[in-house]
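So the structure is just underneath, and the comments pick up after that.
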Amino acid sequence: MSIFILEDDIIQAAQLRSVVEKISEQFQLPFDFIHVTSKYEEIIEKIPLTNFVPIYFLDIEIKGEERKGLQVAQEIRKHDTQGIIVFVTTHANFAPISYQYMVSALTFIDKGLPNDERNQLMTQCLLHYQALNQTKMPTDDFIIENRHTTVRVPFETVVYIMTDGPHRLTLVTTNRNIHFYGTLKEIEKIDDRLLRCHQSYLVNTEQISAYDAARKNIVLKNKETIPVSRRMGKTVRQLVKGE
Amino acid sequence: MMMYVYDLIAGVLAGICHVVLYLLLIRYDRMPYKMMIILSIVFTILLGFVVTVTGYPEWNSILLLLFLLSLGLMQNELSFMQNLYFALISLIGITFARKFILELMFQLFMVSPFNLYLWTTSIMHLMIIILIGSCIVLWRKKIGRFAAYIESSRLYYISYALLFIGFLLSLILTTPSTRFLAIANERYGEMSVIIAFILFMILLLMAIVGSYLAKERFMEEQAERLNAERLDYVEKLEYMHADLANFRHDYMNILMALDTSVKAKNLQQIERIYYEVIAPTSDLMNNHELDIVKLASIKIPEVKSVLSVKVIAAQQQGIKVMIDIPQTIEKIKMPIVDFIRVISILVDNAIEEAVVSDEKKVQIAFFEMNDLVYFIVKNSCRQKEINLHRLYEKRYSNKNGRRGYGLFSLKRILKQMNTATLETTFIAPYFTQTLILKKEN
């Protein structure tokens, strides 16, 4: 692991460092170096020296500038698109959403939290980081990109896509609904795991749990049902049987 | 032979005109064009068939009326009587307009030196219907505004009665085959034409006056709304100012208390004052009350004023509002009025829900990234579970039947904006709506 900590308060910096070291020891996470600094230029300089994809703990407010941390993160992103960025802040419970989007920050840790909770959060971050470094999982994102929209979600969360008015689609994922401009015809081609089970439905075959032949419905893993056209009944049945 | 083709085209176009005008009047904008055209063609053919087979031309008007009414059932914001009213306008307006313009053109033609052929009237018919159709398309916005106005104006009942008479006249004037109507046609035919003409002129006059008044009222309402917003804004500013003055007053007191203690070198007292009086003010500093200043990064005055009014109103209701606008925002690639409507709905909903939740938090983020503009509203919720699908249904509302039109109309506005994407997420206890606008290149 390669760890960077950006913190201008000496006491807090030392504290963070000791916490990280303690956690690494406890979970036997090996790290090749840990760098604590109050100058972000040092971090940028040292990025090329890292052996692993680094994890960064950044204080959002550096030297009284509220947005400094964000600028630093953006600077880091120019050199390192993969590293994990964790913001450490005084008011994390409602942390700026824009950070998550702009520098794809992993999470926010509140300085004001009781030590136990804070350590737990730090542990989660480090373990997540470790897992990512070991497996190097290829990201399986489902991306819809056309003149009117850009939608990107992890494929495993896609449940189904349905038409919702002329040229309007709704993508239903496990925890969100996305309403956008597009046609099923164009989406159908993106991924083989999608099945056009009905004129206005495109289902992620990995989300099907059963086929209700009497009602001509697909029952999904989340208990919702979607219709199946007469023509596709057989295909769906075979699919569910695993043929 | 060509003549029949012209007639057929004119008939189909007339059908489309009726349908389009009616849909504009009832403000139903979700019908795809293809569907509308196919429906009109099928209906016109059906009508022609029914009239030839039965030999009763009066079916023309009656069936058309019924057809329009059945279309009106799709729009259930209006009552049956209102639907009937608009169907009558569409029916009478276009039928009479066709009739009288044709008459006029024919008279003019007779004076002109051109030869009269069998197909002349057919061509005229076609030209007239194209003219009417283009007028409807050209004035589509005005028609919608007019319809909204006429519903609640005094002209409504008068014109209703006139339309009804017009409908009867149109039945008489179609060279009917029902015995009663045929007699009426024979006896009062000429008079009916005159009455119909007068009636048409009166209705036309009403339409012109009505559309003028509608425009007037529209402007008035807009001015009023702007005024109210401005007043609201000033009021909120005063409130904030009072808050600040309060704080200053408290602060002076604290300083004075400290001053005496320091002079007396009473460390215990200083400590006490620090913990009891000064330390709690850090809460005050951190509670984002002053976040509203961040709205200054928005360089679009309308958006800024709408957001600040809503944010201050939320703060007055005890909601913690956090604003997250990292960079200046110069402009939005979308009609500003629509954008304001959309964000108003999003923010209003968030505030309404946050008020009744435990945490009482609302977060608003507004930023640009690459070629996308994000407007995100996140709020704490009372519910543990929300059915994301049902949220957008017309009458569904999480708010105990009080409303439920907000999200529905949101979707309706978004229908017209191809580059808008709306993401709805619920991860308990936070509900998040993300509006993403893509810059077209």
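In the text below, chain A, chain B and the rest are named by the order of the sequence lines, each starting its count at 1. Computed from a prediction, not measured in an experiment: that's the story for all the values here.
Residues B/I436 and A/T149 form no side-chain contact, since every pair of their non-hydrogen atoms from C-beta on lies 4.5 Å or further apart. Counting heavy atoms from C-beta outward, A/T150 and B/K438 have side chains that approach closer than 4.5 Å. With contacts defined as side-chain heavy-atom distances shorter than 4.5 Å, the pair B/T419/A/H148 qualifies.
Residue contact with chain A, scored on non-hydrogen atoms closer than 4.5 Å, involves the side chain of B/T434 exclusively. Proximity to chain B (any heavy atom under 4.5 Å) is restricted, for A/N146, to the backbone atoms N, CA, C and O. At a 4.5 Å heavy-atom cutoff, the contact between B/E368 and chain A is made by backbone atoms alone.
Counted within 6.0 Å of CZ on A/R215, heavy atoms from surrounding residues, nucleotides or ligands total 12 or fewer; the atom is thus considered open. Sparse packing is recorded around CE of B/M35, with 12 or fewer heavy atoms of other residues, nucleotides or ligands lying under 6.0 Å away. Around atom CZ of A/R77, more than 12 heavy atoms belonging to other residues, nucleotides or ligands sit under 6.0 Å away. The 12-atom threshold is exceeded at CD of B/Q327, counting heavy atoms of other residues, nucleotides or ligands nearer than 6.0 Å. Annotation for A/H79: atom NE2 counts as buried by contact number, over 12 foreign heavy atoms lying within 6.0 Å. For CD of A/Q120, the number of neighbouring non-hydrogen atoms (other residues, nucleotides, ligands) closer than 6.0 Å is 12 at most.
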Run the side-chain contact (heavy atoms from CB on, under 4.5 Å) test on A/I178 and B/L422 for me, step by step, so that the C-alpha distance in whole Å, both residues' side-chain angles and the decisive distance to 0.1 Å come before the verdict. CA-CA 6 Å; A/I178 305 172; B/L422 183 70; over 6 Å; no

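To the nearest 0.5 Å, the span separating CD on B/E423 from OG1 on A/T170 amounts to 12.0 Å. Residue A/Y181 holds its OH atom at 4.5 Å from CG of B/N418, rounded to the nearest 0.5 Å. The structure places CG of B/L410 at 8.0 Å from NE2 of A/H179, a figure rounded to the nearest 0.5 Å.
Nearest heavy-atom pair, A/N175 versus B/T425, reported as atom, atom and distance to 0.1 Å: O-CG2, 3.4 Å.
Judged by distance alone, with hydrogens and angles left aside, the side-chain atoms of A/R176 form no donor-acceptor pair with the main-chain N or O of B/I427 at under 3.5 Å.
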